[in-house]
A.B. asks: 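A single structure is presented below for examination.
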Amino acid sequence: MEQKNLAIITYGCQMNEYDSEMVAGVLQAQGGYRLIDDLEQAQVILLNTCSIREKAEQKVFSELGRLKQLKHKNPDLIIGVGGCIAQREGYRIMERSPQVDLVFGTRNIKLLPQLLAEVINKKAKIVNTEPLLEDINPTYIERKGKVKAWISIMQGCNNFCAYCVVPYTRGPQQSRPSWQIEQEVKDLAQQGFKEITLLGQNVNSYGQDLNGEIDFPDLLALLNQVEGIERIRFVTSHPKDFSERLIKAMAELPKVCESIHLPVQSGSNYIMERMNRKYRIEDYVDKVEQLRTRLPQAGITSDIIVGFPGEREEDFCQTEELIRTIEYDNIFLFKYSARPETPAASFPGQVNENIKQERFNRILSLQKSITFEKNQSLEGSVQEILVEGGSKKNPERLTGRTRNNKIVNVDGSDSLIGKKVMIKIVRAKLYSLEGQLLN
Ligand code: SAH
Ligand code: SF4
Ligand code: F3S
């Protein structure tokens with residue numbers, strides 16, 4: 001069978017990155033496709049979309065505008081849209097962008113070979129976003145790297161934070177059976193992968209839908225035993241389910257890295273309640289303290305939303321205060337974006353754009369100084385990094401991460417890729433560190 005060229009454009013979170021690896025895997029194994037980068041050479045272009053904020057959606061529609069031109073030049077080009085926008089909008093995507101031939105969902109990627117064959121052979125337009133809930137075991141995955149791999153341990157989310165579309169785009173929480181995950185990790189170890197990152201919208205509630213057979217700390221203990229895997233990471237942790245048991249697991253399991261993404265969203269209990277986050281700031285601070293007592297070197301990052309409906313100056317100041325108290329290694333900062341269907345979109349007290357921008361800027365500069373100071377405090381220290389590959393900016397240099405997830409660039413030979421090495425931190429930058437290899 002003649003191979004067809006497939007290009008995939010991915011937006012959004014790690015979950016989407018992983019899903020795109022699955023799209024590539026399934027279509028190579030069962031559809032006769034070859035993955036390429038050059039859109040001009042592609043016979044099929046698939047967009048794996050994100051709908052978390054309005055801007056993320058706009059990006060996709062402007063890309064679809066560019067692809068329309070491409071389809072003008074090459075009328076046989078097939079354009080497909082999947083991911084979170086597709087799941088929510090379905091056929092409305094085709095109404096808005098008639099150049100789209102196929103719309104597929106976040107939970108039916110396995111159907112793609114069949115769906116694309118129909119589109120091509122019958123010259124049909126297809127919308128199928130029906131989730132396949134019975135079997136969530138991903139089959140073929142064409143991974144991007146050779147050292148680090150993503151692994152989805154669960155689908156969906158049951159939390160319904162008032163601002164968030166994810167429960168609507170990814171459906172209810174569904175944990176993968178632990179033996180499937182373990183098998184996937186063993187396969188990865190055999191293929192030479194050294195680091196895995198377990199993915200879920202809220203990994204701390206892993207297993208809650210599996211009749212209490214296993215919880216997240218147990219899963220970590222299980223995977224810690226897989227020979228060949230050297231580092232284990234996970235995202236994202238919801239603070240309400242972040243437990244002492246997990247802190248203990250992080251402290252006791254040697255492969256689990258001292259790094260956690262624990263999104264707080266805001267520093268105000270009033271906003272927390274309106275967001276439906278189900279924890280109080282005091283408890284959050286308390287948990288972080290417990291973690292730091294057991295693991296003083298732990299890297300801690302967070303997500304912050306400014307300008308959530310009803311956010312008063314005093315609430316915002318509490319967020320600033322919290323950031324000063326915790327001293328995150330880094331944060332991902334967002335301006336609240338009203339999403340259709342979510343409760344917060346119709347809350348009173350929507351904050352105007354100027355105030356959002358002003359609050360955004362204030363937090364950004366505060367966090368920048370904290371991040372930089374934290375990085376500077378590492379100058380002169382010796383750290384273990386796992387070498388991942390060539391650095392983004394300069395492929396001649398190597399890049400890796402410390403156990404607590406700081407990016408380090410260092411001179412060295414390609415033969416070190418996939419190895420753990422000791423380096424001395426010689427200079428701190430804002431978002432990375434410069435290191436020197438130690439023998
Ligand atoms: N499941 C993860 C995060 C998923 S979305 C968790 O609960 O932490 C990633 C981040 O996007 C969220 O943590 C939040 O900070 C941000 N986000 C989600 N919806 C948003 C919205 N409507 N406007 C602005 N930021 C949003
Ligand atoms: Fe969205 Fe909240 Fe679920 Fe995270 S936990 S995906 S923010 S609803
Ligand atoms: Fe975006 Fe969907 Fe991820 S909305 S952030 S791609 S779960």
Side-chain angles (χ1 to χ4, degrees), residues 9-13 16 47 49-66 83-89 92-93 95-97 157 159-170 201 236 261 263-277 281 301-324 326 328 330-372 430-431:
I9 309 176
T10 307
Y11 303 85
C13 63
N16 258 19
L47 276 62
T49 64
C50 171
S51 109
I52 200 83
R53 283 166 292 273
E54 202 182 338
K55 258 204 192 139
E57 289 206 3
Q58 284 164 355
K59 268 197 218 161
V60 170
F61 285 101
S62 46
E63 182 64 44
L64 281 173
R66 283 189 289 274
C84 288
I85 301 182
Q87 188 66 48
R88 215 165 44 84
E89 296 289 325
R92 287 195 293 265
I93 293 184
E95 283 181 349
R96 188 167 164 185
S97 306
C157 179
N159 287 319
F160 291 94
C161 301
Y163 48 81
C164 184
V165 289
V166 172
Y168 310 92
T169 64
R170 298 261 166 185
Q201 295 302 339
T236 297
H261 185 58
V264 72
Q265 313 297 356
S266 159
S268 148
N269 280 323
Y270 169 69
I271 294 297
M272 216 57 350
E273 216 162 282
R274 289 173 63 106
M275 284 180 167
N276 192 30
R277 288 289 286 181
I281 300 299
T301 55
S302 187
D303 294 344
I304 301 278
I305 299 177
V306 295
F308 185 78
E311 185 184 74
R312 302 155 299 187
E313 181 63 20
E314 65 196 84
D315 299 305
F316 174 74
C317 289
Q318 287 171 3
T319 303
E320 285 185 310
E321 202 181 300
L322 181 75
I323 291 174
R324 283 199 196 95
I326 304 264
Y328 290 107
N330 203 1
I331 60 171
F332 298 91
L333 180 59
F334 308 107
K335 287 186 277 182
Y336 170 72
S337 165
R339 308 310 297 128
E341 269 185 292
T342 62
S346 48
F347 281 0
Q350 299 287 328
V351 176
N352 87 41
E353 184 57 30
N354 291 342
I355 297 184
K356 277 187 204 167
Q357 188 62 50
E358 193 239 336
R359 291 180 182 169
F360 183 94
N361 294 345
R362 272 158 71 185
I363 300 245
L364 190 67
S365 68
L366 169 63
Q367 183 58 47
K368 269 188 180 170
S369 63
I370 296 173
T371 301
F372 190 51
L430 184 52
Y431 295 115

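What's counted below: heavy atoms across the whole structure, side chains too, no hydrogens, waters or symmetry copies. From a predicted model like this one, the values you see are computed outputs, not experimental measurements.
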A.B. asks: Working to the nearest 0.5 Å, report the span between CD1 of I370 and CD1 of I323.
C.D. replies: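 Result: 6.5 Å between the selected atoms.
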A.B. asks: Atom CD1 in I9, atom CD in E63: separation rounded to 0.5 Å?
C.D. replies: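 Rounded to the nearest 0.5 Å, the CD1-CD separation comes to 4.0 Å.
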A.B. asks: Give a yes or no on this: more than 12 heavy atoms of other residues, nucleotides or ligands lie within 6.0 Å of atom OH of Y431.
C.D. replies: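 Counting other residues, nucleotides and ligands, OH of Y431 exceeds 12 neighbours.
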A.B. asks: Give a yes or no answer on whether the side chain of Q350 reaches the backbone of A344 with a donor-acceptor pair at less than 3.5 Å.
C.D. replies: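 Side chain of Q350 to backbone of A344: a pair is present.
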A.B. asks: Starting at OG of S51, measure out to CZ of R339 and round the result to the nearest 0.5 Å.
C.D. replies: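 That separation rounds to 5.0 Å.
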A.B. asks: Could you check whether any side-chain N or O of N159 sits under 3.5 Å from a backbone N or O of C161, counting only pairs where one atom can act as donor and the other as acceptor?
C.D. replies: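 Answer holds: no.
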A.B. asks: Could you check whether E321 pairs with R324 (Lys NZ or Arg NE/NH1/NH2 to Asp/Glu carboxylate O, under 4.0 Å)?
C.D. replies: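 Salt bridge absent between E321 and R324.
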A.B. asks: Does atom CD of E54 have more than 12 heavy-atom neighbours, drawn from other residues, nucleotides or ligands, at distances under 6.0 Å?
C.D. replies: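 At most 12 heavy atoms, drawn from other residues, nucleotides or ligands, come within 6.0 Å of this atom.
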A.B. asks: Check the surroundings of atom CD in E341: do more than 12 heavy atoms from other residues, nucleotides or ligands lie under 6.0 Å from it?
C.D. replies: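 Yes.
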A.B. asks: Are more than 12 heavy atoms, taken from residues, nucleotides or ligands other than R312, located less than 6.0 Å from that residue's CZ atom?
C.D. replies: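 For R312, atom CZ is crowded (more than 12 foreign heavy atoms under 6.0 Å).
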A.B. asks: Search all heavy atoms of S266 against all heavy atoms of T319 and return the closest pair with its distance.
C.D. replies: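 Scanning both residues completely, I find the closest heavy atoms to be OG-OG1, 3.6 Å.
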A.B. asks: Any side-chain donor paired with an acceptor under 3.5 Å for Y336 and E311?
C.D. replies: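 Judged by distance alone, the side chains do not pair up.
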A.B. asks: Taking N276 for its side chain and F160 for its backbone only, find out whether a donor-acceptor pair lies under 3.5 Å.
C.D. replies: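 Between the backbone of F160 and the side chain of N276 there is a qualifying donor-acceptor contact (under 3.5 Å).
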A.B. asks: Output the distance between atom CG (N361) and atom NZ (K335), rounded to the nearest 0.5 Å.
C.D. replies: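 With rounding to 0.5 Å, CG (N361) is 8.0 Å from NZ (K335).
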A.B. asks: Would you say R274's side chain and P309's backbone share a donor-acceptor pair under 3.5 angstrom?
C.D. replies: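 At least one qualifying donor-acceptor pair exists.
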A.B. asks: Nearest heavy-atom pair of T371 and L430: which atoms, and what distance?
C.D. replies: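 Minimum heavy-atom contact is CG2-O, 3.4 Å.
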A.B. asks: Within this structure, what is the OH-OG1 distance for the pair Y328 and T301, rounded to the nearest 0.5 Å?
C.D. replies: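 Reported to 0.5 Å precision, the distance equals 9.0 Å.
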A.B. asks: Distance check, rounded to the nearest 0.5 Å: Y11 atom OH versus T49 atom OG1?
C.D. replies: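 Spacing of OH (Y11) from OG1 (T49) equals 9.0 Å.
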A.B. asks: Can you see which heavy atom on C164 is nearest to which on I52, and at what distance?
C.D. replies: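 Of all heavy-atom pairs spanning C164 and I52, the closest is SG-CD1, 4.2 Å.
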A.B. asks: Please determine whether a side-chain nitrogen of the Lys or Arg among R362 and E358 lies less than 4.0 Å from a carboxylate oxygen of the Asp or Glu.
C.D. replies: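 A salt bridge is present here (some side-chain N lies under 4.0 Å from a carboxylate O).
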